[in-house]
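Taking it in order: structure first as structure tokens, then the write-up.
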Amino acid sequence: MPELPEVETVVSLLKTLVVHEVIESVEIYWNNIIGEPNVTTFRNNIEQQVITDVTRRGKYIIFALSNGHLVSHLRMEGKYYVYDEKVEKDKHTHVIFNFKSGKEMHYHDTRKFGKMYLYPKNEPLAILSKLGYEPWDQDLSADALLDLAKRRSISIKAFLLDQSVIAGIGNIYVNEILFTTKIHPAQPVNTLSKKQFDAIIKATASILSAAIESGGTTIRSYTSSLGVTGLFQQQLNVHNRQNEACNVCGSDIEKIVVAQRGTYLCPICQSIQ
DNA sequence: AATTAGACTCGGAACC
DNA sequence: TACTTCCGAGTCTAAT
């Protein structure tokens, strides 16, 4: 369920629901959800900590704790549900946080791809260390992207999906960004101009902002946790619109494969250079 | 010039 | 019918 706007939506909701909660105990039903440290240490160290804030970096959720940080990635299908009282776990509930207040937070993940990492206070959040610019970072410039792109032969689509370049863009939004900027997804990234990178930076910020405004995009597994449904799918220009009319020129939207991912584009508006 | 460490790219696996 | 990332194998490249 996760690209930056969906994660941001979840973070906003979790902030209202779990800040100040005290983690009394944690039940772990699928060990591989815990990335580090080992399951026993994770459980022992997180118990009795207070959740003091919930924030985001790229597609990661960061729970600030009284004595460290819990970092969580939802990968394809992870979801959090918060309940006021005890609720039976279902088949795909893999971690339950029991709060002192009696509330519970359940981590649910059909494919079990998601991961959690617990770091002690004052230790670096190692899993975040390779992430690139946040989309609104003042240091994110066309020159910076040009520099990162110049030695690389991959497509612009693969480049924008690389989380070490810009953090938070996934398959839905990269399709939209490249449509808005009229760039073919398979265009080699070392052939783009400074002007094109400028356009990409602007489009990224405006598309992601609009998506956050709409509560994200509801596609397949994503109805954001807590039962909230995103509405941005109503504003998608190309993603999931194979054979529908381009909103700019009326041509049929095509679906191809680029960077091993389903890729939607308007073949007229986005010609390869 | 040949070797090599490191960067990069691609494809498969994680899950069921 | 795929909203993600990690890892290993193979390839390229800059430095020695």
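Sequence lines set the chain letters: A, B, ... in the order given, protein chains first and strands last, and positions in each chain run from 1.
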message = Using the side chain to side chain contact (heavy atoms under 4.5 Å, CB included) criterion, which residues pair with A/Glu213? Sequence neighbours excluded.
response = none
inquiry  = Using OP1 and OP2 only, check whether a side-chain N or O of A/Lys59 sits under 4.0 Å from C/dT4.
reply    = yes
Using a cutoff of under 3.5 Å, can you pull out all pairs of nitrogen or oxygen atoms linking the protein to nucleotides 13-16 of chain B, with atom names and distances?
| from | atom 1 | to | atom 2 | distance (Å) |
| --- | --- | --- | --- | --- |
| B/dC15 | OP1 | A/Asn32 | ND2 | 3.4 |
| B/dC15 | O4' | A/Arg111 | O | 2.9 |
| B/dC15 | O2 | A/Arg111 | NE | 3.3 |
| B/dC16 | OP1 | A/Lys112 | NZ | 2.2 |

Residue pairs fulfilling ring pair (Phe, Tyr, Trp, His ring centres under 6.0 Å) with at least one residue in residues 39-72 of chain A, sequence neighbours excluded = A/Tyr60-A/His73, A/Phe63-A/Tyr80
request  = Calculate the interatomic distance between A/Glu77 atom CD and C/dA2 atom P; express it in whole Å.
outcome  = 12 Å
ask   = When you check every protein heavy atom under 4.0 Å of nucleotides 3-12 of chain B, what one-letter string (B, S, -) results, 5' to 3'?
value = ------SSB-
ask   = Apart from A/Val50 itself, what residues make up its hydrophobic cluster when side-chain heavy atoms of I, L, V, M, F, W and Y under 4.5 Å apart count as a link, directly or indirectly?
value = A/Val22
Set of side chain to side chain contact (heavy atoms under 4.5 Å, CB included) partners for A/Ser101, sequence neighbours left out = A/Glu21, A/Phe99, A/Lys103
ask   = Taking only N and O in the side chain of A/His73, is any of them less than 4.0 Å away from OP1 or OP2 of C/dT5?
value = yes
ask   = To the nearest 10 degrees, how far apart in direction are the end axes of the helix from B/dA2-C/dT16 to B/dA14-C/dT4, each fit to five base pairs?
value = 10°
Give the table of side-chain donor-acceptor pairs shorter than 3.5 Å for residues 155-170 of chain A, with sequence neighbours excluded, one pair per line with atom names and distance.
| from | atom 1 | to | atom 2 | distance (Å) |
| --- | --- | --- | --- | --- |
| A/Ser155 | OG | A/Ala158 | N | 3.1 |
| A/Lys157 | NZ | A/Asn171 | OD1 | 2.7 |
| A/Lys157 | NZ | A/Asn175 | OD1 | 3.2 |
| A/Lys157 | NZ | A/Gly262 | O | 3.1 |
| A/Lys157 | NZ | A/Thr263 | OG1 | 2.7 |
| A/Asp162 | OD1 | A/Ser164 | N | 2.9 |
| A/Asp162 | OD1 | A/Ser164 | OG | 2.7 |
| A/Asp162 | OD2 | A/Arg152 | NH1 | 3.1 |
| A/Asp162 | OD2 | A/Arg152 | NH2 | 3.3 |
| A/Asp162 | OD2 | A/Ser164 | OG | 3.4 |
| A/Gln163 | OE1 | A/Gly168 | N | 2.8 |
| A/Gln163 | NE2 | A/Leu161 | O | 3.0 |
| A/Gln163 | NE2 | A/Ile169 | O | 2.9 |

task = Any pair with a residue in residues 109-120 of chain A that passes side-chain hydrogen bond (donor to acceptor under 3.5 Å, both in side chains), sequence neighbours left out, goes on the list, sorted by first then second residue, please.
result = A/Tyr107-A/Asp109
query = Does A/Ile96 sit in a hydrophobic cluster with other residues, and if so which ones, taking ILVMFWY side chains as linked at heavy-atom separations under 4.5 Å, directly or through other members?
reply = A/Tyr29
key: Any side-chain donor near an acceptor of the partner, A/Thr217 and A/Tyr173, under 3.5 Å   = yes
key: Cluster companions of A/Val258 among Ile, Leu, Val, Met, Phe, Trp, Tyr (side-chain spacing under 4.5 Å)   = A/Ile256, A/Leu265
query = Who pairs with A/Val87 by side chain to side chain contact (heavy atoms under 4.5 Å, CB included), at least two apart in sequence or on another chain?
reply = A/Tyr83, A/Glu104, A/His106
query = With respect to the phosphate group of C/dT4, does any side-chain polar atom (N or O) of A/Gln163 fall under 4.0 Å of OP1 or OP2?
reply = no
ask   = Counting only side-chain N and O atoms of A/Lys255, is one of them less than 4.0 Å from OP1 or OP2 of C/dT1?
value = no
request  = Indicate, with a heavy-atom threshold strictly under 4.0 Å, whether A/Phe159 touches base, sugar-phosphate, or nothing.
outcome  = nothing
task = Decide yes or no for A/Lys182 and A/Val248: does some side-chain heavy atom of the first lie under 4.5 Å from some side-chain heavy atom of the second?
result = yes
